[in-house]
Amino acid sequence: MGVPTSVAARIASVATGIALGAGLVAYYIVSYLMVRPPAVAAAGAAPRASLTLQTVASLGIGPHPDWVSYLARNPQGKWEHSTVLTAPAHSLVKVTIYQFDTATGLRNPYWGGPRGLVGEMTIDGKPVPTLDPMLASHTFAIPDLGVSVPLQGVPDKAKNQCSVAPCSLTQAHTTVTFMFRTGKAGTFRWQCFVPCAAGFIFGNGGPMQSVGYMDGYLRVV
Ligand SMILES: [Cu+2]
């Protein structure tokens, strides 16, 4: 028989255990919410700026090397694994997306039509009023700004495909350009609406719901 513990000591040890558990849960939630890729700024300055992105079939690095992903080019020309973008307020933003992934297809053909743009979307230099939804590999959509652009995938049989980032422009790709206007400052979610997450139920989950892959934020400053 050990020394009998007092009621107060037992309560204190239970309370300490609960506090420790609550602290760990809080730490997990806060660190989950705080983890953000570094923001990549648009090139140029108000009232005109430009963003350059690429999409790849698999990232090749980090905790999920086989996940499909966007990357962003910083103003120094280096590709960053980030989907947190910064652009000036009340500006015309020109976006160039190098699309290295093959098509998955849109579940809702409505999104084959680009929305919310200034001027037309171009694919490989040619204006395209609407994309065959079966050819979409990803979309670049900022719902709160009314912007949605389908990105044409690389044909399945294309030669010299890039399967792992970083991809180079000597490899098979389509180049999509478009312009949209920013308004007042704020943080706006953007994401892909093609269910492109291979290996996940219905193609959603995983990269489709993770900032840094198929989701991001546009910070208008
Ligand atoms: Cu996607």
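The structure displayed is predicted, hence computed values, not measured ones. As the structure lists them, so they are numbered: ligands from 1, and atoms in each ligand from 1.
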Visitor: For Arg189, look at atom CZ and say whether over 12 heavy atoms of other residues, nucleotides or ligands are found less than 6.0 Å away.
Guide: yes
Visitor: Sort by chain and number the protein N/O/S atoms that are closer than 2.8 Å to the Cu ion (ligand 1), and list them.
Guide: His138 ND1, Cys192 SG, Cys196 SG, Met214 SD
Visitor: Should the pair Trp67 and His64 be assigned to parallel (<30°), tilted (30 to 60°) or perpendicular (>60°) ring geometry?
Guide: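 The arrangement is parallel - the two ring planes meet at less than 30°.
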Visitor: Report, as yes or no, whether the 6.0 Å neighbourhood of atom CG on Leu169 holds more than 12 heavy atoms from other residues, nucleotides or ligands.
Guide: yes
Visitor: Does Arg115 CZ have over 12 foreign heavy atoms under 6.0 Å away?
Guide: yes
Visitor: Strictly distance-based, threshold 3.5 Å: is any side-chain N or O of Ser137 a donor or acceptor partner for the main-chain N or O of Thr102?
Guide: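 Flag set: sc Ser137 to bb Thr102 pair under 3.5 Å.
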Visitor: So does Gly112 get a backbone contact from the side chain of Thr130, meaning a donor-acceptor N/O pair under 3.5 Å?
Guide: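 It does hold such a pair.
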